[in-house]
Number of protein chains: 2
Amino acid sequence: MSGHELKRVGLKVTLPRLKILQILESAGDQHHLTAEDVYKILIEQGEEVGLATVYRVLTQFEQAGIVRRLNFENNISVFELDTGDNHDHLVCLKSGFVKEFVDPVIEDRIRDIAKENGYNLSNHNLVIYGTLESEMSKDGRGRK
Amino acid sequence: MSGHELKRVGLKVTLPRLKILQILESAGDQHHLTAEDVYKILIEQGEEVGLATVYRVLTQFEQAGIVRRLNFENNISVFELDTGDNHDHLVCLKSGFVKEFVDPVIEDRIRDIAKENGYNLSNHNLVIYGTLESEMSKDGRGRK
DNA sequence: TTCGCTGCAAATCTTTTGCAAGGCC
DNA sequence: GGCCTTGCAAAAGATTTGCAGCGAA
């Protein structure tokens with residue numbers, strides 16, 4: 001299972017990497033985790049993994065294209081599995097609740113704008129901030 | 001001139017604030033400055049202003065709506081005068097060159113997407129990353 | 001004179017790095 | 001065994017804060 005994924009991208013299969021990948025895979029709806037979040041979950045699970053390792057592994061995953069690193073307003077990075085759909089994010093300023101979306105119209109405009117300005121498009125980052133009326137903050141894992 | 005701006009938003013007119021506002025106003029095409037950039041310019045001008053003050057003043061300006069704070073990929077904040085046009089940014093990954101643009105189509109879609117998902121739109125952040133072929137990096141003030 | 005403002009130094013927070021020990025192939 | 005990984009501690013970089021002194025109104 002997960003092990004294949006690691007080998008595929010040329011990373012040795014080790015316990016910390018497996019555990020971290022597994023945490024990312026099994027994260028539910030609010031699957032945007034900071035390095036600290038991942039670290040805490042590991043500790044909860046009784047794993048002895050250092051925070052530095054979490055950062056190192058997440059960075060390796062990012063370079064391998066397994067994971068996406070996102071920067072929301074507060075200059076803290078959050079990580080999520082890279083599903084390849086290149087979606088963007090809606091963030092609730094009150095609860096931290098995050099919703100994903102893909103909008104073809106915006107995608108197109110971004111491509112055009114890059115071209116019009118002589119930029120060789122690499123990627124983009126769009127985050128929409130707002131407040132969710134139906135404030136439920138279901139699981140308390142919202143970003144502070 | 002600048003003094004009015006400060007009074008208007010309820011900030012006492014002081015030398016550091018005036019100087020910093022002036023630096024932001026007179027910044028040329030590449031007017032996206034980090035706190036450090038502003039600090040260095042102050043030092044160049046022979047002003048004795050602490051870096052902490054630069055951060056404090058920029059944050060006050062941001063809260064007063066005079067300045068916008070942007071977070072590009074590297075988790076470093078850059079500041080620019082808030083002209084009210086709510087433009088977005090194109091950033092060259094090689095030179096750090098920044099271009100601004102406003103796209104009505106994207107603006108509309110963002111409004112709709114927020115509404116469709118039950119979010120009370122507050123603001124958004126769109127940065128397009130790419131590489132500029134015509135690599136000239138004219139003034140060397142590109143982000144590292 | 002009175003508070004708000006500032007400079008300096010120290011603290012904080014997130015992320016990275018050096019190094020010796022340990023683990024995978 | 002050899003090389004890649006890891007944990008720990010320390011370093012680094014950006015930003016914030018405490019506090020005593022200074023300055024605008």
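Protein chains get the first letters and strands the later ones, always in sequence-line order, with residue 1 at the start of each.
Spacing between atom CD of Glu47(B) and atom P of dT6(C) amounts to 13 Å, rounded to whole angstrom units. Rounded to whole Å, atom P of dA14(D) lies 11 Å from atom CG of Asp37(B). As rounded to whole Å, 7 Å separates atom P of dC8(D) from atom OH of Tyr39(A). Nucleotide dC8(C) holds its C1' atom 12 Å from the CD atom of Glu48(B), rounded to whole Å. Distance, Ile20(A) CD1 to dG7(D) C1': 13 Å, rounded to whole Å. Straight-line distance from the CG atom of Leu51(B) to the P atom of dT15(D): 9 Å, rounded to whole Å. Taking atom NZ on Lys40(B) and atom C1' on dG13(D), their separation rounds to 12 Å, with Å as the unit. Note: CG (Leu6(B)) to C1' (dG4(C)) measures 14 Å, nearest angstrom.
Applying the 4.0 Å criterion to OP1 and OP2 of dT15(C), one finds that Ser77(A) has a side-chain N or O inside that range. Listed pair Tyr55(B) / dT15(D) meets the phosphate criterion, a side-chain N or O lying under 4.0 Å from OP1 or OP2. Close to dT6(D), at under 4.0 Å from its OP1 or OP2, lies a side-chain N or O of Arg17(A).
The overall bend of the helix from dT1(C)-dA25(D) to dC25(C)-dG1(D), read as the angle between its terminal helix axes built from five base pairs each, is 30° when rounded to 10 degrees.
Comparing Arg69(B) and Val49(A) against DNA chain D, the residue whose closest nucleotide sits nearer the 5' end is Val49(A).
Between dT5(D), dT14(C), dT16(C), one nucleotide has an atom nearer to the side chain of Thr59(A) than all others, and that is dT16(C).
Between the side chain of Asn117(A) and the backbone N or O of Tyr119(A), no donor-acceptor pair lies under 3.5 Å. Looking only at distances, a side-chain donor or acceptor of Gln30(B) sits under 3.5 Å from a matching main-chain atom of Val98(B).
Annotation: the span from Asp108(A) atom CG to Arg109(B) atom CZ amounts to 11.5 Å, rounded to 0.5 Å. The line from CD1 of Ile23(B) to CD of Gln45(B) is 4.5 Å long, rounded to the nearest 0.5 Å. Atoms CD1 and OG, on Ile128(A) and Ser122(B) in that order, are 11.0 Å from each other to the nearest 0.5 Å. In this structure, Ile43(B) CD1 and Glu36(B) CD are separated by 10.0 Å, a value rounded to the nearest 0.5 Å. The structure places OG1 of Thr34(B) at 8.5 Å from CZ of Phe79(B), a figure rounded to the nearest 0.5 Å. Annotation: the span from Thr53(B) atom OG1 to Leu15(B) atom CG amounts to 11.0 Å, rounded to 0.5 Å.
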In B/S/- notation, 5' to 3', how is nucleotides 17-25 of chain D contacted by protein heavy atoms closer than 4.0 Å?
BB-----S-
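The stretch residues 49-70 of chain B participates, sequence neighbours left out, in these salt bridge (Lys or Arg N to Asp or Glu O under 4.0 Å) pairs: Glu62(B)-Arg69(B), Arg68(B)-Glu80(B).
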